[in-house]
Number of protein chains: 2
Amino acid sequence: MVVTLKDIAIRAGVHVSTVSRVLRGKETQQVSPQTRKLILSIAEELSYTPNLLARAFRLKKTHTIALLIPDISNAFFARIARSIEIQSYNAGYTLVVCNTDEEQAKENQYLNSLKSRSIDGFIIAPVQDSKQQIIDLINNKIPFVLIDRRFDDLETNAVISDNEKASFYATEYLSRYQHKRIGFICGRKRLYTIKKRLVGFQKAVKQFQLDDNPEMIVGDGFTIEDGFRATQKLMALEHPPTAIISSGNVLTIGIMKAIHERDLSIPRDISLVGFTDSFCVPYWNPPLTTISHPLHQMGHEAFELLLKHLQAKETLAPRQITIKTKFHERHSVDQPKIYN
Amino acid sequence: MVVTLKDIAIRAGVHVSTVSRVLRGKETQQVSPQTRKLILSIAEELSYTPNLLARAFRLKKTHTIALLIPDISNAFFARIARSIEIQSYNAGYTLVVCNTDEEQAKENQYLNSLKSRSIDGFIIAPVQDSKQQIIDLINNKIPFVLIDRRFDDLETNAVISDNEKASFYATEYLSRYQHKRIGFICGRKRLYTIKKRLVGFQKAVKQFQLDDNPEMIVGDGFTIEDGFRATQKLMALEHPPTAIISSGNVLTIGIMKAIHERDLSIPRDISLVGFTDSFCVPYWNPPLTTISHPLHQMGHEAFELLLKHLQAKETLAPRQITIKTKFHERHSVDQPKIYN
DNA sequence: TTGAAAGCGCTACCAG
DNA sequence: CTGGTAGCGCTTTCAA
């Protein structure tokens, strides 16, 4: 049988409230040394473990946080998740990871169901088809931190990366290799990150006087298939690009597939730079020049920020933290030869 | 404010128990159509959501299951996790994912903490330094399913793959390419999967009369560094192997690194076959010949099995399910040229 | 320093 | 068909 406070109380000949005081009470609580010792020894003997569910119910604090991400099997989010999990473990929190599949309905449902389970706080990479859920969170005063994505017009906690700069730099980098026609393959256009990357790209196009044909910007999704089709579209242009920027992990696979199917070679025939965080990218064929995120740091900052809010007595002002991305030169970029 | 049954009861002028019956009671419960309708409409109006925590506490059923794996950022486990999460979502369960880092202490701590949170059931890829925790689970009659790994001498639910056969086949495959000296790089030797793969390898070595020098078997860990050092050891042998079998995802990166640092090329100088499930393997340089697991299916079967146990009235007999692995020929195997 | 009582929100049982 | 009551295990307030 499971041991409860009552069992200990009976054995010790004291009241449950006394047992509770000894086992959970603050240090300041006055309990006589004898009874304290007695209770402690009985608890030990019966190997008492508190019923955390009962406690959570009573206290309305579950010591559980939830992480909402599009897909845990995506290396990007897997590593963010891992970093958060390590810290929540150390801080004594349980972490629930939920996959939204970029579907607003799933995000909503998870959020609702988790709220009724009294989750203490959330870390969310929001789907961004709607911001209503996030507004509700604010209104309900539930602590949360957005990660990777935020809403420009919403003042919330957020840990994001410098997408615009990174994208600008990648474009500049390609232009230094004499590329004039650079294709930009978006992921989901509605996302904060993609919007910012697009802005960075467009600014660079303007500044370095690259081909600003709007057809150079294609794609609206993150799957292999999305990348494949977007690339086909680019290749079918009268003046196809000599270089491509990919804004997604898995997306890039589809892009490479499309390039290979045309019997083109990277970087000889076409250059490729990707926003990619898979640890095996250096072993790809060819090794890809990438922009990567310090995912561990992002997770770390997000959790720390959330923890501050969880522990604060009063409501804290929201904070935005921007993390610098890294640029890795490998072997997927060269000067344009054909098409030029 | 949060709406409770009591609020609805007061508004409807009925007792909470009646409200509970309408909102949660079985179909068979008798409630007059009028009151039912009234209660339903008030619940709707106040947008009542049940306090799942209170219910879980009362029912001692949290509708939560936990998945214990070594590392969610490992593609192998990430995809198992994903598959389980999809199903648990559909079945109305919340999933808690915990990373044990192959540390028995972490596994123990998670198990204990989760037990006191009244988790309904577990899916576990056990660390296997000890089996005491698993035995405790059996004794406490807590439903669980082992995944990927099991204990030969413990009758439990388990979903595993045919490691021995796969390893035998990989060895046979290399021997058909005329390899006589094949190195086998283990992951953690204590693990069920590794033990089985080793057995399959050794059986093939015997059957196809390959070099049975025990120094051909090296390694005891899953990190890049482990793979790197193990490979160095193999290469330092008087008669180094002409082919290597890797038993791990990340491990393989270290192996390739060591091979490249020796200025050897795959498969020209040395052949390589790996147990690997990363989706980007076909894009590696060179594309790796691999044994892969139907991870989705493994997760699927594991959850289904657990669900059966969760829903069963009495205790069910444990079941073992074995999933077939797949062999993918790519371009990392050739006939031995040097060393022979 | 300790005991007694109340109650978190819900469900289940018994009685009418 | 409905109301009342009890209680899950814990914490907290008030009183003694």
Side-chain angles (χ1 to χ4, degrees), chain A residues 1-40 42-43 46-64 112-120, chain B residues 1-40 42-43 46-64 92 113-120:
Chain A
M1 256 317 291
V2 180
V3 182
T4 67
L5 289 186
K6 203 173 155 195
D7 300 323
I8 299 177
I10 291 170
R11 284 250 199 162
V14 299
H15 198 264
V16 276
S17 56
T18 309
V19 181
S20 172
R21 264 189 290 260
V22 171
L23 263 23
R24 296 297 133 195
K26 325 263 186 299
E27 295 291 312
T28 51
Q29 296 262 200
Q30 312 286 359
V31 181
S32 81
Q34 303 100 291
T35 39
R36 156 162 279 135
K37 221 175 121 186
L38 177 64
I39 287 169
L40 249 22
I42 293 176
L46 301 182
S47 61
Y48 167 78
T49 33
N51 182 328
L52 294 180
L53 198 57
R55 175 136 46 142
F57 172 53
R58 177 65 234 256
L59 262 28
K60 271 137 196 41
K61 283 254 160 287
T62 50
H63 254 65
T64 301
N112 289 334
S113 134
L114 292 166
K115 276 195 276 185
S116 72
R117 276 164 203 262
S118 314
I119 294 293
D120 292 353
Chain B
M1 258 316 293
V2 180
V3 182
T4 67
L5 288 186
K6 203 174 156 194
D7 300 324
I8 299 177
I10 291 169
R11 284 251 197 160
V14 297
H15 199 265
V16 275
S17 55
T18 308
V19 181
S20 172
R21 261 189 294 260
V22 171
L23 262 22
R24 295 298 135 193
K26 324 264 183 301
E27 293 294 312
T28 51
Q29 297 260 199
Q30 311 286 358
V31 182
S32 82
Q34 303 100 293
T35 39
R36 155 161 279 133
K37 220 174 124 186
L38 177 64
I39 288 169
L40 251 21
I42 294 177
L46 301 182
S47 62
Y48 166 77
T49 33
N51 182 327
L52 261 24
L53 199 56
R55 176 137 45 146
F57 172 54
R58 176 65 233 257
L59 263 25
K60 271 138 197 41
K61 283 254 161 288
T62 50
H63 255 65
T64 301
S113 134
L114 293 166
K115 275 196 276 185
S116 74
R117 275 164 204 263
S118 315
I119 295 292
D120 292 353

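In what follows, every heavy atom counts, from backbone to side chain, and hydrogens, waters and symmetry copies are set aside. Labels below follow one simple rule: chain letters A, B, ... track the order of the sequence lines, proteins then strands, and each chain is numbered from 1.
As a whole-Å value, the separation of K61(A) NZ from dT11(D) P is 15 Å. Summarising the geometry, the separation between NE2 on H15(A) and C1' on dT1(C) is reported as 14 Å, rounded to the nearest angstrom.
Comparing atom distances between the V14(A) side chain and each of dA12(C), dC1(D), dG3(C) picks out dG3(C) as nearest.
Of the side-chain N and O atoms in S32(B), one or more sit less than 4.0 angstrom from OP1 or OP2 of dT2(D). Phosphate contact (OP1/OP2 of dT2(D), side-chain N/O of T35(B), threshold under 4.0 Å): present. Using a 4.0 Å cut-off, no side-chain N or O of T18(A) falls inside it from OP1 or OP2 of dT2(C). Contact annotation: S20(B) side-chain N/O to dC10(C) OP1/OP2 distance is not under 4.0 Å.
Under a cut-off of 6.0 angstrom, the local environment of NZ in K37(A) is sparse, with at most 12 non-hydrogen atoms contributed by other residues, nucleotides or ligands.
Remark: T62(B) OG1 to L114(B) CG distance equals 9.5 Å, nearest 0.5 Å.
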Below 3.5 Å is the cut-off: list the nitrogen or oxygen pairs between protein and nucleotides 6-9 of chain C, distance only.
{"unit_1": "dG7(C)", "atom_1": "N2", "unit_2": "R58(A)", "atom_2": "NH1", "d": "3.0"}

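When the local axes at the two ends of the helix from dT1(C)-dA16(D) to dG16(C)-dC1(D) are compared, using 5 base pairs at each end, they differ in direction by 50° after rounding to 10°.
Heavy atoms of L59(A) sit under 4.0 angstrom from primed sugar atoms or phosphate atoms, though from no base atom.
Within the 4.5 Å cutoff, no side-chain heavy atoms of H63(A) are placed close to those of L52(A).
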